[in-house]
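Shown next, in structure tokens, is the structure this report addresses.
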Amino acid sequence: MIKVVVTGAAGRMGREVVRAVSRTPGMTVAGAVDLGHNGEDAGSHAGIGPLGVVVRPDLVNVLEETRAEVMVDFTTASAAVQNIRDAIECRVRPVVGTTGIPPEELQELGRLSREKGVGGVIAPNFAIGAVLMMHFAGIAARYLPAAEVIELHHNQKIDAPSGTALKTAEIIAANRGDATSEDGTQVVKLDGARGGTLSDIRIHSIRLPGLVAHQEVIFGGLGQTLSIRHDSISRESFMPGVIMGIKKVMELREIVFGLDKLIF
Ligand code: NAP
């Protein structure tokens, strides 16, 4: 039975993780950590009835007392960095979906995990369809190098653009080589109208109530366009990837970045 501690257990994704782990054979919610809802039962808060696991704020104590094997983190970028460090120091494997962690912090966490021999998974998108969308975008970029990324999320998301959009732009840039797309825009009448740029690829972020997590990559070529779109229509879409991460991390000896590393 894999013992899992969920950090951010009272949040939107954390509650989904509590539900998914508790219904998956071979793993159990051993602990729940969050800044809010302390003293509440994590299962009741997640809407599945009491699990006998109380939400607490003190991660290191919870990791030690429960003898956890895996920590699943969906919190905030600044909180996650310390949580991952604490987990590695306690020899607990981090499985992390939190986005917005700066690249230099990710590098440092990778180094720490190698030094300690503790496996982990950090993935900006745990939806398997989204991983395929990024993979297909990489293939398309070899033939249609002009591309823009439009990502659409619920209006409570605190970072923009999404980690997935940034990763997609990196993949497109790596696959299209030296080819660049022409942009005739000379006058930008409204700041941000052409979106943000990563490696010369435009990323546009839309935030609206009613959305969950969506992304469209549009490629343009002579007389044609190709759109590759993925829609997470509920947060359940991330759970098969998270459960896969919990199982596979047991075999790892360092942090891997991206769910693709576990799939392809
Ligand atoms: P959310 O509803 O705001 O949940 C975050 C939770 O973390 C909140 O309950 C927050 O508590 C708690 N928290 C903050 N600092 C903490 C700490 N130091 N220790 C423990 N808990 C802490 O956000 P969400 O929508 O679940 O999203 C969480 C993260 O997951 C975001 O970075 C989002 O971009 C990412 N995400 C990733 C994927 C993926 O597939 N990788 C999918 C969806 C979302 P308070 O509210 O009390 O501060």
Side-chain angles (χ1 to χ4, degrees), residues 13 16 72-74 77 80 95-103 105-107 109-110 120-154 157 159-181 195-207 211-221 224-246 248-249 252 255-264:
M13 288 298 290
E16 203 64 59
V72 178
D73 186 288
F74 283 91
V95 172
V96 180
T98 305
T99 59
I101 301 175
E105 296 277 14
L106 292 174
Q107 251 185 11
L109 292 166
V121 180
I122 300 181
N125 202 321
F126 274 103
I128 287 160
V131 174
L132 290 174
M133 176 257 299
M134 288 186 260
H135 183 66
F136 297 151
I139 297 171
R142 290 183 217 152
Y143 307 97
L144 294 167
E148 301 209 4
V149 178
I150 303 162
E151 57 96 341
L152 311 88
H153 281 83
H154 60 89
K157 183 168 174 60
D159 55 336
S162 69
T164 301
L166 292 170
K167 178 103 183 161
T168 307
E170 278 170 22
I171 292 170
I172 293 171
N175 277 278
R176 72 179 182 179
D178 294 335
T180 48
S181 50
T197 312
L198 186 119
S199 298
D200 211 25
I201 294 156
R202 302 274 173 184
I203 303 178
H204 310 268
S205 299
I206 290 169
R207 296 290 176 266
L211 293 169
V212 179
H214 318 255
Q215 182 168 294
E216 187 162 343
V217 189
I218 307 177
F219 295 87
Q224 60 188 316
T225 65
L226 168 68
S227 297
I228 303 175
R229 183 175 170 114
H230 175 259
D231 296 277
S232 277
I233 51 180
S234 89
R235 290 186 177 82
E236 267 186 307
S237 62
F238 304 110
M239 292 306 115
V242 172
I243 297 298
M244 182 195 290
I246 294 170
K248 294 211 170 176
V249 78
L252 300 174
I255 292 177
V256 299
F257 297 94
L259 190 63
D260 52 320
K261 305 285 189 321
L262 305 184
I263 295 178
F264 301 123

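The figures that follow rest on heavy atoms only: side chains count, while hydrogens, waters and symmetry mates do not.
- Here the closest heavy-atom approach between residue Leu166 and residue Pro161 is recorded as CD2-CG, 3.8 Å.
- Between Thr164 and His153 there is no side-chain heavy-atom pair separated by less than 4.5 Å.
- Of the inter-residue distances, the one linking Ile255 atom CD1 with Leu106 atom CG reads 8.5 Å to the nearest 0.5 angstrom.
- In this view, Thr99 and Pro124, Lys157, Asp159 satisfy the side chain to side chain contact (heavy atoms under 4.5 Å, CB included) rule, not counting sequence neighbours.
- Separating the CD1 atom in Ile128 from the CZ atom in Phe238 is a distance of 11.5 Å, to the nearest 0.5 Å.
- Minimum interatomic distance between Met239 and Met13 (heavy atoms only, all atoms of both residues): CE-CE, 3.8 Å.
- Pairing each heavy atom of Phe126 with each of Val96, the nearest pair is CE1-O, 3.4 Å.
- Within the 3.5 Å criterion, the main-chain N or O of Val212 finds a donor-acceptor partner in the side chain of His214.
- Applying the salt bridge (Lys or Arg N to Asp or Glu O under 4.0 Å) test to every pair with at least one member in residues 142-153, sequence neighbours left out, gives these pairs: Glu148-Arg194, Glu151-Arg207.
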| request: Any chance you could lay out the side-chain contact (heavy atoms from CB on, under 4.5 Å) test for Arg176 and Asp200, step after step, and finish with the verdict? | output: CA-CA 11 Å; Arg176 72 179 182 179; Asp200 211 25; 3.7 Å; yes
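- Counting all heavy atoms, side chain and backbone alike, Ala160 lies closest to Ser205 at CB-OG, 4.1 Å.
- Counting heavy atoms from C-beta outward, Lys167 and Asn125 have side chains that stay 4.5 Å or more apart.
- Between the Asp231 side chain and the Ile233 main chain, no donor and acceptor come within less than 3.5 Å of each other.
- Between Gly245 and Leu262 the shortest heavy-atom distance is CA-CD1, 3.9 Å.
- The two residues Ala137 and Phe219 have their closest heavy-atom pair at O-CZ, 3.4 Å.
- Between Gln215 atom CD and Met134 atom CE the span is 7.0 Å, to the nearest 0.5 Å.
- With rounding to the nearest 0.5 angstrom, the CD1 atom of Ile218 is 7.0 Å from the OG1 atom of Thr225.
- The shortest side-chain heavy-atom distance between Asp260 and His135 does not fall under the 4.5 Å cut-off.
- In terms of modelled atom types and a separation under 3.5 Å, the side chain of Lys261 and the main chain of Phe257 share a donor-acceptor contact.
- Rounding to the nearest 0.5 Å gives a distance of 9.5 Å between OH of Tyr143 and CG of Asn175.
- Ser199 contributes no side-chain N or O that, together with a main-chain N or O of Ile201, makes up a donor-acceptor pair within less than 3.5 Å.
- Here CG of Leu152 is found 12.0 Å from OG of Ser232. Values are rounded to the nearest 0.5 Å.
- Looking only at side-chain heavy atoms (C-beta outward), Glu16 and Glu236 come within less than 4.5 Å of each other.
- The one candidate from Ile150, Ile172, Ile171, Leu226 that meets the side-chain contact (heavy atoms from CB on, under 4.5 Å) condition with Val217 is Ile172.
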